[in-house]
Structures are given as C-alpha cells and as structure tokens.
Amino acid sequence: MFKRVFKQVSLGVALSAAVFAVQAADVTGAGASFPYPIYAKWASDYKAATNNAVNYQSIGSGGGQQQIIAKTVDFGASDDPMKAADLEKNGLLQFPAVIGGTVAVVNIDGVEPGKLKLSGKVLADIFLGKVKKWDDAAIKALNPDVKLPSADIIVVHRSDGSGTTFGWTNYLSKVSPDWKAQVGEGKAVKWPTGQGGKGNEGVAAYVGQLKNSIGYVEYAYAKQNKLAWTQLQNKDGKFVQPEQKAFAAAAANADWKSAPGMGVVLTDEPGADSWPVTAATFILLHKSQDKPAQGKAVLEFFDWAFKNGAKSAEAMDYVPLPEAVTKEIRAAWGEVKAADGKAVWK
C-alpha cells in the first residue's frame, strides 16, 4: 500500500540583501527528481543556517535543461550530463553535486526489500516484455529460495524526460545487446511495454499501488516509500545490495577531469562491491550572468552544501563528492561572470 510520495514542492527562504548591493529575489532551480530528497534537505538546513533562499522544483532532467537554457530558472539540474557541444552552444557551466544509485523496486506479496535477485540480462528482458511472468524460469533460476507468483509482471517506467531514465537505459544498453538494438538509451525512449509515471515520485507511487509491478527509482524514494528493492548482479558477477558503500565503490575510479563538464557516467562500473546503476547528478548555470546576485547565490548554496551537507547526504544513502572534486568545481566557478566580465565567485 502506498505510504508516502515525495511531492513536487518548492522550498523557499529569503535571500540576504547583503549579496551584492541590491536585494535579490529568491534563487530558483528546477530539474531532476533523482536528487530532490537531498536538495530538499540541504535547502531546509541552509535556511536554518543562513536564512537564504533556494526554491527547487522536481520536474525531471529534461525540464531542468530546457528551463536553464530558457533562463526561466537560476540553475537547472540533470542526471543526464549535457554534452560539450551543447554546453558551449548554450553558454552553460556544468558540475556534479552528489552521487546516488537507481534501484529496481517491486511489489510482490512476501518479497521483502533486498531479497529478490536480478541480473542485467533478465532485467532488460523484463523491460523488453520478453519475460512476462514472475515465475519465469530465468527469474526462478536466480531465486530458487524465493516464492514467486505465476502472475503477469507490470512494468512501470518514467513518462517524462528523465536523467534517471538515461542512466537506467544506458545501463540496460551496456548489459543487453537486444535492449541496445531495439530501444537504446536516452532521457526518453520508446518503451516496449509498461505504463509511465511522472518523476521518481510517480513511479514510486505506481509500484506502491500495483501488485506484481516493477519499476526503477532513486534509492531514497524506495526507502521513503517502503518499497522492496532488488539485488543486482554487477559487472564482476557479484550480487550486491544498493547502499552508500556500493555507490561509492562504483564512483571510486571516476575520471572527472577528462569528461566534458565533468559529465562522468557511472553505470556498469567494475569492482566486486560496485552498484551497477550508479549516477552523478549535475547542476547547470549560465556562464554569463544577467543577474549576478542570483548566480552568486546559487554558488553560495552549493559551496555551503559541499562544506556542510555530507552527513545529510550519507544519511540518505547518497555519496558526497570527494574534497578533491569539490576543489576542482570551485575553480571552475571562476568562469561564471557578470556582464562587465567580473567573476561572480571569488
């Protein structure tokens, strides 16, 4: 039974007039639902600590990219890293904010969180509509001790443009040649089967309500909504549980410097402890700021989060960025400038 869903709400507080010489409006951001739980926590704690404002709306990565390009928000958020050519074309700076994991969640009577095991191939075949029942031989072979019903599998996927979908379909494309050939990867794809929910919130709600369903959500949504997540078999052939140390293991060897806009993709990483659908989530803002007070306020928020938000992130099973990475990020902030060419961040 569905218990609770993260709602798309704004978190607002008043921005101090001390930022530059004029009073700035509340800082606004929009985009990925994947990091919404931790951004909500950070914004709440930031308000308590500074009385400064962050309004973030969970609308999906595609919407976040569109809104920052259109300059209708002060920052966009996306789990699908923007390519170098698109960053250049739109005059955007991109940097990672936090790392997390996407999990398969199921609603099967008697199946508790972390009990069911799935391989990448079987998972892809479920989302392709090839494996149609829970007692299919391929699933039973991985779960000889789990009682599975002879019931149709109800697939739930995202209906909106989603960075979570990008990471999910990127992973399925790496582990299943059939998925790669028939569907491929992207923020939005032509799903072979199933029904769509908007945001991580919507997918969590549907899976919570529909018996014998399977979907994919960021791990915090699975825990918050008391959904049963599955183990996944990683690239090293090990079945692993989704948890902070498994996400950290997948990110351990990330080469942030070499990726345009630090846009590292962390799916299907090697390592016995690595969670196979790990992802960084990214912030986008304009390098040339029409309203420099707003741009500075955005950077002040994430500077505060990097310094003070690690414990909150870990408590929600996200992985904070290493200090060496946040140092590189702050150096890149020097590219954000006011109309007169002066750096917004010093």
Side-chain angles (χ1 to χ4, degrees), residues 10 20 24-36 39 54-98 158 160-167 169-170 184-189 199 254-266 279-303 305-306 321 325-326 328-345:
S10 297
F20 287 163
D26 287 358
V27 172
T28 61
S33 60
F34 179 96
Y36 175 78
Y39 289 177
V54 178
N55 300 319
Y56 182 75
Q57 292 187 341
S58 167
I59 63 171
S61 294
Q65 290 186 4
Q66 292 168 7
Q67 288 207 17
I68 189 59
I69 289 170
K71 298 186 177 181
T72 55
V73 292
D74 299 312
F75 69 93
S78 176
D79 308 323
D80 176 10
M82 194 174 280
K83 294 179 172 57
D86 292 323
L87 291 170
E88 181 68 25
K89 176 183 176 182
N90 295 292
L92 295 172
L93 176 73
Q94 175 177 269
F95 61 89
V98 72
R158 288 285 289 271
D160 53 334
S162 160
T164 307
T165 292
F166 165 76
T169 57
N170 174 274
E185 66 181 61
K187 290 191 293 295
V189 298
D255 186 2
W256 301 100
K257 289 183 178 180
S258 298
M262 304 181 78
V264 172
V265 177
L266 298 170
T281 189
F282 301 88
I283 299 301
L284 297 160
L285 73 162
H286 286 277
K287 291 183 179 180
S288 179
Q289 288 286 320
D290 299 332
K291 300 176 181 178
Q294 304 297 97
K296 183 176 182 182
V298 170
L299 299 180
E300 285 180 335
F301 170 62
F302 285 102
D303 178 63
F306 291 154
L321 296 174
V325 177
T326 61
E328 291 179 31
I329 291 169
R330 289 187 182 95
W333 288 351
E335 299 177 43
V336 182
K337 298 180 179 180
D340 61 6
K342 292 183 179 179
V344 168
W345 181 262

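As the structure is a computational prediction, the values presented were derived from the model and not from experiment.
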Problem - Atom pair CD (Gln66) and OG (Ser61), whose distance is rounded to the nearest 0.5 Å - result: 11.0 Å
Exercise for the section: Scan Thr164, Asp79, Asp80 and name whichever one has a side-chain hydrogen bond (donor to acceptor under 3.5 Å, both in side chains) with Thr281. Expected result: Asp79
Practice task
Can you label the angle between the Tyr36 ring and the Tyr56 ring as parallel, tilted or perpendicular, going by 30° and 60°?
Solution key: parallel
Exercise for the section: Identify the residue among Val336, Ile69, Ile68 that makes a side chain to side chain contact (heavy atoms under 4.5 Å, CB included) with His286. Expected result: Ile68
Exercise for the section: Quick one: pull up CZ in Phe282 and CE in Met82 and give me the separation to the nearest 0.5 Å. Expected result: 11.5 Å
Problem - Separation of Lys71 NZ from Leu285 CG (nearest 0.5 Å) - result: 11.5 Å
Completion exercise
Note: Leu87 and Leu284 closest approach over all heavy atoms is CD2-CD2, 3.7 Å
Practice task
Mark yes or no for whether Asp74, through its side chain, and Thr28, through its backbone, hold a donor-acceptor pair below 3.5 Å.
Solution key: yes
Practice task
Answer yes if the ring centres of Phe301 and Phe75 are under 6.0 angstrom apart, and no otherwise.
Solution key: no
Completion exercise
Closest non-hydrogen atoms of Pro292 and Val344, given as atom of the first, atom of the second and distance, are O-CG1, 3.7 Å
Handout entry: Side chain proximity check, Phe302 to Ile329, heavy atoms < 4.5 angstrom
Key = no
Exercise for the section: List the atom of Asn90, the atom of Asp86, and the distance in Å for their closest heavy-atom pair. Expected result: ND2-O, 2.9 Å
Exercise for the section: Provide the closest heavy-atom pair for Pro81 versus Val265 in the form atom of the first, atom of the second, distance. Expected result: CG-CG2, 4.2 Å
Problem - Geometric class of the Phe306/Trp333 ring pair [parallel <30°, tilted 30-60°, perpendicular >60°] - result: parallel
Practice task
State, with a plain yes or no, whether a side-chain heavy atom of Glu300 is found less than 4.5 Å away from one of Val27.
Solution key: no
Completion exercise
CZ (Arg158) and OG (Ser33) are apart, to the nearest 0.5 Å, by 3.5 Å
Exercise for the section: Mind checking the CD-NZ spacing from Glu88 to Lys287? Nearest 0.5 Å is all I need. Expected result: 6.0 Å
Practice task
For Gln67 and Val73, work out which heavy atoms get closest and say how close.
Solution key: OE1-CG1, 3.1 Å
Exercise for the section: Could you walk me through whether Lys257 and Asp255 pass the side-chain contact (heavy atoms from CB on, under 4.5 Å) test, one step at a time? Expected result: CA-CA 6 Å; Lys257 289 183 178 180; Asp255 186 2; 4.2 Å; yes
Exercise for the section: Mind checking the CD1-OH spacing from Ile283 to Tyr39? Nearest 0.5 Å is all I need. Expected result: 3.5 Å
Fill in the blank from the handout: Heavy-atom nearest pair, Gly184 first then Thr169, reads O-CB, 3.5 Å
